[in-house]
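All remarks here apply to the structure that follows.
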4 protein chains.
Amino acid sequence: MGKIKENQQKKRQQLFETAFDLFTSKGIHETTIQDIAKAAGVAKGTFYLYFKDKYDLIDKLRKKKTAKLFEEAINFSRTVQYDNFTEQLLIIIEYIIDEFSNNQDLLRFIYKNLSLGMGLQNIHIDTDKEQGENTTSSIYEIFEERVKQDGLELKDPRTTLFLVIELVGSTCYNAILFDIPLPIEEFKPSLNEAVRKLLNE
Amino acid sequence: MGKIKENQQKKRQQLFETAFDLFTSKGIHETTIQDIAKAAGVAKGTFYLYFKDKYDLIDKLRKKKTAKLFEEAINFSRTVQYDNFTEQLLIIIEYIIDEFSNNQDLLRFIYKNLSLGMGLQNIHIDTDKEQGENTTSSIYEIFEERVKQDGLELKDPRTTLFLVIELVGSTCYNAILFDIPLPIEEFKPSLNEAVRKLLNE
Amino acid sequence: MGKIKENQQKKRQQLFETAFDLFTSKGIHETTIQDIAKAAGVAKGTFYLYFKDKYDLIDKLRKKKTAKLFEEAINFSRTVQYDNFTEQLLIIIEYIIDEFSNNQDLLRFIYKNLSLGMGLQNIHIDTDKEQGENTTSSIYEIFEERVKQDGLELKDPRTTLFLVIELVGSTCYNAILFDIPLPIEEFKPSLNEAVRKLLNE
Amino acid sequence: MGKIKENQQKKRQQLFETAFDLFTSKGIHETTIQDIAKAAGVAKGTFYLYFKDKYDLIDKLRKKKTAKLFEEAINFSRTVQYDNFTEQLLIIIEYIIDEFSNNQDLLRFIYKNLSLGMGLQNIHIDTDKEQGENTTSSIYEIFEERVKQDGLELKDPRTTLFLVIELVGSTCYNAILFDIPLPIEEFKPSLNEAVRKLLNE
DNA sequence: GATGAATGAGGATTCATTCAT
DNA sequence: AATGAATGAATCCTCATTCAT
């Protein structure tokens with residue numbers, strides 16, 4: 001019963017992780033289902049019990065990884081002291097940049113076909129404030145609320161968030177992977193300044 | 001013989017155009033070398049006389065298309081009256097956005113694996129001012145010069161240009177193709193405002 | 001428990017019927033054991049409790065269907081007034097042809113690998129005349145007896161019956177499915193005449 | 001030029017023959033394209049240059065074999081002395097039966113999905129009578145003409161021919177392969193008699 | 001008896017690339 | 001230079017069958 005369900009979860013997870021390793025080390029195109037199954041220690045046919053095909057897996061994997069990254073970044077920002085929302089946002093951005101810098105495979109994988117801003121649509125974060133209620137909010141909702149709290153003057157907070165995220169994602173992709181326009185550490189100050197401008201600071 | 005050279009150029013061009021049509025209509029992965037050769041009216045083996053493989057062709061094609069787009073946009077901006085460089089930049093941006101809106105296949109193709117900002121590296125535009133000298137400058141050089149002319153206060157013009165282009169490219173990709181965060185026409189004002197902020201206006 | 005036996009009978013029957021539907025609608029080759037089990041509402045493994053494999057099921061199914069058809073045809077002929085055996089035979093033939101015409105899937109299924117005449121070997125019909133005795137006779141036996149009753153002059157009645165059945169089955173297969181040599185209704189008079197000739201009428 | 005065309009013909013023929021051998025020895029279902037290619041001494045991919053898939057090959061092969069058989073039978077009958085058309089027909093039938101008897105694989109192969117009578121549609125035989133003209137006629141046309149020559153009284157010669165062929169093909173299939181209703185040699189007299197009846201002799 | 005997750009052999013098909021002409 | 005027949009590695013995916021629960 002629960003045993004089987006549990007086992008399946010483990011197997012699915014196994015496939016996810018193995019696939020990610022292979023995708024990032026050999027490339028998506030160069031990784032075959034055969035490779036994944038073998039490395040995950042299951043039979044080829046078993047793969048098809050869990051995913052329609054390779055692209056189904058990739059899709060789900062990308063969503064998983066993007067959500068996890070943002071969740072971690074937001075959770076991290078909560079552990080840090082900050083003056084206002086703009087500061088918190090810069091902390092989040094820094095966290096993501098560092099994560100990508102240390103894990104360039106992840107960056108490469110997430111960015112291949114999907115922009116960061118797009119992935120945001122489906123991401124929901126736990127917001128268990130004071131009480132024990134278990135609520136989740138979309139990143140956009142959290143952002144809007146925080147903007148209000150800080151009294152920032154933004155005509156359309158959602159669009160602004162989108163602009164910021166795309167700017168960050170897109171420029172860091174190049175800075176981290178190719179040192180374009182500059183190595184990421186040298187680039188960060190300019191990026192931070194740009195973000196502040198977009199947020200009217 | 002110039003005749004032979006010419007003929008080869010025509011054949012290479014034929015392959016480029018045919019490939020682009022197939023890539024945008026059927027998708028890159030779904031287009032085989034056989035398809036390209038057949039549609040271009042040459043034998044399969046002939047393809048290999050001009051390109052190493054499919055990805056060699058894609059690479060060159062992407063560079064060609066990106067360069068052409070920027071060249072057109074800049075040339076267009078020269079035909080228009082504008083007050084200062086920021087205005088010119090916004091005109092260029094608008095041109096590119098319109099071009100992408102009307103030719104979404106092009107957008108999809110250029111953006112698939114490459115960011116706009118990266119493509120800029122290799123783009124050189126003719127700058128034959130008054131005299132007949134035939135000089136070409138990189139987009140970055142042109143930008144720097146114009147910034148100076150307008151007395152804009154930018155610490156690092158190249159980085160700023162990069163930020164602007166990535167912001168535009170990345171957000172428009174989503175706005176045009178998926179109406180995220182808004183349909184492109186509704187999104188434009190926010191984007192323009194963001195660009196002005198980055199340029200300190 | 002009779003209950004269990006009964007339940008099993010029901011399940012076996014369910015598998016038979018479901019399989020027939022799938023075979024005739026999708027084709028034998030295109031129907032998988034998975035399909036059959038699913039449509040019958042049992043697990044894949046269960047299938048193997050009732051049949052060795054797909055071809056075991058097909059075999060048994062074909063026999064069942066052929067036997068049922070002949071039984072019905074003969075029973076029908078008993079409800080009709082006829083002058084002599086030739087007439088009765090023609091009535092039976094007509095019944096079968098009509099049945100096949102109205103149920104072409106059945107024809108296709110029975111005829112795929114097996115000829116009608118062959119299937120006759122194993123068919124036994126109840127011949128409970130007046131009394132309550134429960135006897136069964138092969139079709140060949142019934143035929144022989146009737147020939148004797150009518151005083152028909154046939155050197156070898158069994159062979160003649162075989163000839164008639166093959167002639168009918170084989171020609172009607174083509175007439176019904178492909179209008180070869182003629183649509184079945186236009187073809188029938190010729191066929192009837194042929195049968196009469198074979199029976200020395 | 002001609003060299004290549006010739007080579008291709010040889011290769012196609014090679015595939016046909018190899019496939020037939022495998023089909024008849026191992027069975028159609030059990031023979032893979034891999035098997036055929038290997039046995040024919042060509043690469044797997046080469047198979048697909050000549051045939052769409054296995055069933056395309058089977059179809060063409062079946063037509064080839066059926067046509068060849070009838071052609072041989074008719075040609076043989078021309079070398080033999082006979083009194084009238086009925087006699088000639090019986091000779092042809094005998095030839096085909098013998099051929100099938102000696103080459104049961106051929107019978108099995110031709111009969112699997114196709115009835116003999118159906119295959120007749122597309123068969124054309126050379127009828128270079130006295131003169132050197134090169135005319136071909138369908139079997140049905142030849143039959144009609146001969147019936148006229150002999151003054152046989154048949155309302156519809158084509159239908160009669162069809163009846164005869166189906167009767168022969170269908171019964172012999174069983175007699176030869178399964179001794180049903182009798183071994184073929186013992187069955188022949190009955191069959192001949194039946195054919196005579198159908199032809200009003 | 002019933003289940004259905006897991007297996008992995010097996011077959012179809014594609015396609016980049018070579019090379020003799 | 002141009003051709004296109006031939007190659008065969010590569011990959012996808014199916015499905016009958018088993019077996020632990």
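Side-chain atoms are counted along with the backbone in the values below, which use heavy atoms only and exclude waters and symmetry mates. Residue numbering restarts at 1 for every chain, and letters A, B, ... go by the order of the sequence lines.
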Checking all strands, does D:Tyr55 fall into the base, sugar-phosphate, or nothing category for heavy-atom contacts under 4.0 angstrom?
-> nothing
d(CD, B:Glu30; C1', E:dC15) in whole Å = 14 Å
Atom-to-atom span, CD1 of D:Ile28 to C1' of E:dG11 - whole angstrom | 16 Å
Take atom NZ of D:Lys38 and atom C1' of E:dG10, then tell me their distance rounded to the nearest Å.
-> 14 Å
Name the residue closer to the 5' end of DNA chain E, choosing between D:Gln34 and B:Lys54 according to the nucleotide with the nearest heavy atom.
-> D:Gln34
State, without any angle test, whether D:Asp21 and D:Thr18 hold a side-chain donor-acceptor pair at a distance under 3.5 Å.
-> no
Are any of the side-chain heavy atoms of C:Asp53 and C:Asp56 separated by less than 4.5 Å?
-> yes
Under 4.0 angstrom, heavy atoms only, what part of the nucleic acid is C:Phe51 near: base, sugar-phosphate, or nothing?
-> nothing
Starting at NZ of A:Lys10 and ending at C1' of E:dA6, how long is that distance when rounded to a whole Å?
-> 15 Å
Kindly give the heavy-atom pair with the smallest separation between C:Ile36 and C:Leu15, and that separation in Å.
-> CG2-CD2, 3.9 Å
Whole-Å gap separating C1' (F:dA16) and OH (C:Tyr50) | 19 Å
Euclidean distance, atom CZ of residue C:Phe47 to atom C1' of F:dC15 [Å, nearest integer] = 13 Å
Would one find a side-chain N or O of A:Lys44 under 4.0 angstrom from OP1 or OP2 of F:dC12?
-> no
Hey, which of these two, D:Gly45 or B:Asp53, hits DNA chain E nearer its 5' end, going by closest nucleotide?
-> D:Gly45
When rounded to whole Å, the CG to P distance for the pair A:Leu15 and E:dA5 reads 15 Å
Could you check whether C:Thr32 gets within reach of a base, just the sugar-phosphate, or nothing at all, counting any heavy atom under 4.0 Å?
-> sugar-phosphate
Between C:Lys11 and E:dG1, does any side-chain N or O lie under 4.0 Å from OP1 or OP2?
-> no
If you check the C:Ile33 side chain, which of F:dC12, F:dA16, F:dA6 turns out closest?
-> F:dA16
With DNA chain F as reference, determine whether D:Ala43 or A:Thr31 sits nearer its 5' end, using the nearest nucleotide of each.
-> D:Ala43
Do the rings of C:Phe109 and C:Phe23 sit parallel, tilted or perpendicular, given the 30° and 60° boundaries?
-> parallel
Assign each of D:Gly41 and B:Thr46 to its nearest nucleotide of DNA chain F by heavy atoms, then name whichever residue's nucleotide is nearer the 5' end.
-> B:Thr46
Taking the six-membered ring for Trp and the full ring for Phe, Tyr or His, determine whether the centres of A:Phe51 and A:Phe16 are under 6.0 Å apart.
-> yes
Using distance alone, with no hydrogens and no angle criterion, decide if A:Gln9 and A:Gln13 have a side-chain donor and acceptor under 3.5 Å apart.
-> no
Proximal nucleotide (of E:dA5, F:dG8, E:dG1) relative to the C:Leu49 side chain | E:dG1
Nearest to side-chain heavy atoms of D:Gln8, which nucleotide of F:dT3, F:dA16, F:dA5 = F:dA5
Spacing between D:Gln14 atom CD and F:dA6 atom P, to the nearest angstrom | 13 Å
Checking N1-N3 plus N6-O4 or O6-N4 for Watson-Crick, or N1-O2 and O6-N3 for wobble, each under 3.5 Å, the partner of E:dG4 is F:dC19
Distance test, side-chain N/O of A:Tyr48 to OP1/OP2 of F:dC12, below 4.0 Å = no
